[in-house]
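First the structure, in the form of structure tokens, and then the observations on it.
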Amino acid sequence: MNRIYFSGELQVGRQCVLPPAQTHHAVRVLRLKAGDAVVLFNGDGIEYSAVISEAGRDRLALDVTGRTTVDRESPIAVTLAQAVSGGERMDYTVQKAVELGATVIQPLTAERSVVRLQGERAVKRAEHWQAVVVASCEQCGRNRLPRVQPLLTFDAYLAGEAARKDSALRLMLSPRSGRGLRDLGRPAGAIVLLAGPEGGFSPQEERAAEHAGFLPARVGPRVLRTETAAVAALAAIQALWGDF
């Protein structure tokens with residue numbers, strides 16, 4: 001059954017109307033029509049059953065008929081701090097991070113980042129990544145939306161992390177580390193996973209991250225591409241300590 005994200009309030013017995021872009025996708029791409037049953041969610045952790053009451057070129061209305069609380073969140077809260085990569089690599093990483101249970105995605109600009117975003121471009125790109133999050137939640141069944149934070153420089157991000165006094169396990173992916181994830185004990189709380197750009201973090205950045213409390217760790221003996229490293233690490237985290 002098709003799952004559709006709706007950004008507004010959902011209540012049983014009420015009708016909701018999709019915005020134009022979602023209407024176009026539902027009618028032209030998904031080929032939904034009046035009488036079809038769908039599942040709606042708005043990020044509050046609840047799935048709402050609904051039936052399409054009107055499906056036109058410019059308007060799609062749904063009657064909300066029921067609600068069910070469904071928890072598909074990982075038992076481990078993982079923040080992915082990912083240095084922005086070029087092309088579709090970042091989209092891929094965001095998409096797979098959502099599927100693998102990440103709760104927060106923090107884009108970063110690192111020394112070796114190929115992509116440089118500032119001002120309005122950075123804002124628009126973050127909005128795009130949040131749309132990727134929504135589409136991924138529609139596909140994978142999550143009913144709570146991970147947050148894409150505003151883009152930060154590597155130094156600004158580390159300054160914020162160093163000032164935190166929480167008990168999160170902070171990990172930096174580094175192929176030079178002799179420590180694997182399985183060498184670590186089960187974390188008591190959340191995890192912050194720091195992943196580099198195409199050329200990896202510079203030695204200076206790695207030292208700065210360690211000074212801010214990040215433990216270097218690798219995912220196997222092979223050097224992984226930027227779009228693979230965080231995804232592999234998230235899958236390993238779920239296998240070791242999560243819900244795999």
Side-chain angles (χ1 to χ4, degrees), residues 2-10 16-26 29-30 38-48 60 62 70-74 76-110 113-154 156-157 160-161 190-197 226-231 233-235 237-238:
N2 287 291
R3 286 169 45 86
I4 298 175
Y5 173 72
F6 181 72
S7 61
E9 184 180 3
L10 293 169
C16 69
V17 178
L18 295 187
Q22 283 185 294
T23 294
H24 180 271
H25 180 75
V29 179
L30 300 179
V38 300
V39 172
L40 300 174
F41 69 102
N42 63 2
D44 64 358
I46 299 173
E47 286 185 344
Y48 296 84
L60 193 144
L62 306 101
V70 181
D71 184 10
R72 298 191 180 98
E73 296 303 295
S74 170
I76 299 180
V78 182
T79 294
L80 173 60
Q82 173 70 53
V84 175
S85 52
E88 297 180 352
R89 295 186 181 94
M90 189 67 177
D91 286 7
Y92 175 87
T93 300
V94 171
Q95 180 190 72
K96 300 310 174 188
V98 172
E99 293 178 26
L100 291 166
T103 55
V104 179
I105 297 169
Q106 173 63 69
L108 301 174
T109 299
S113 293
V114 175
V115 177
R116 300 285 174 175
L117 300 170
Q118 293 181 339
E120 187 65 21
R121 287 187 65 211
V123 173
K124 292 293 186 183
R125 205 62 187 164
E127 292 174 350
H128 168 76
W129 292 324
Q130 190 66 57
V132 173
V133 167
V134 169
S136 297
C137 286
E138 289 178 332
Q139 178 271 320
C140 75
R142 293 182 67 174
N143 293 312
R144 295 192 183 278
L145 294 180
R147 303 187 310 277
V148 177
Q149 302 286 56
L151 180 68
L152 291 176
T153 65
F154 184 80
Y157 173 70
E161 287 299 300
I191 295 176
V192 181
L193 184 65
L194 180 59
T226 181
E227 67 270 28
T228 309
V231 174
L234 287 167
I237 286 170
Q238 294 297 353

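All residue numbers in this chain count up from 1 along the given sequence.
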Spatial distance of atom [atom1] ([X]) from atom [atom2] ([Y]) [nearest 0.5 Å]:
X	Y	atom1	atom2	result
Asp91	Arg125	CG	CZ	5.5 Å
Ile46	Asn143	CD1	CG	9.0 Å
Leu40	Leu10	CG	CG	5.5 Å
Ile237	Ile191	CD1	CD1	4.5 Å
Thr228	Arg89	OG1	CZ	9.5 Å
Leu18	Leu62	CG	CG	5.0 Å

Query - More than 12 heavy atoms of other groups within 6.0 Å of Gln118 CD - result: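 No - once you tally the heavy atoms of other residues, nucleotides and ligands closer than 6.0 Å, there are 12 at most.
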Distance-only, no hydrogens or angles: does the [X] side chain make a donor-acceptor pair with backbone N or O of [Y] under 3.5 Å?
X	Y	value
Arg3	Cys137	yes
Gln130	Pro146	yes
Thr79	Val104	no
Asn42	Gly8	yes
Ser85	Pro197	no

Mind listing the closest non-hydrogen atom pair of [X] and [Y] along with its distance?
X	Y	result
Leu193	Ala230	CD2-O, 4.1 Å
Thr226	Gly196	OG1-O, 2.9 Å
Ala195	Gln82	CB-OE1, 3.3 Å

Considering residues at least two apart in sequence or located in another chain, which fulfil the side chain to side chain contact (heavy atoms under 4.5 Å, CB included) criterion with [X]?
X	answer
Ala81	Gln106, Leu108, Tyr157, Leu194
Leu30	Asn2, His25, Leu32
Ala190	Ala77, Ala168

Query - Val94/Val133 under side-chain contact (heavy atoms from CB on, under 4.5 Å): CA gap, chis, key distance, verdict - result: CA-CA 7 Å; Val94 171; Val133 167; 3.8 Å; yes
Requested in this report: Show the numbers, then the answer: is there a side-chain contact (heavy atoms from CB on, under 4.5 Å) between Val148 and Val132?
Outcome: CA-CA 10 Å; Val148 177; Val132 173; over 6 Å; no
Query raised in the report: Mind checking what makes salt bridge (Lys or Arg N to Asp or Glu O under 4.0 Å) contact with Glu99, not counting sequence neighbours?
Result: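 Result, salt bridge (Lys or Arg N to Asp or Glu O under 4.0 Å) vs Glu99: Lys96.
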Within-4.5 Å side-chain heavy-atom neighbours: [X] and [Y]:
X	Y	result
Tyr5	Leu145	yes
Arg72	Glu47	yes
Met90	Pro107	yes

Report summary line: Quick note, salt bridge (Lys or Arg N to Asp or Glu O under 4.0 Å) partners involving residues 129-143, not counting sequence neighbours, are Glu73-Arg142
Query - Partner residues of Tyr48 under the ring pair (Phe, Tyr, Trp, His ring centres under 6.0 Å) criterion, sequence neighbours left out - result: none
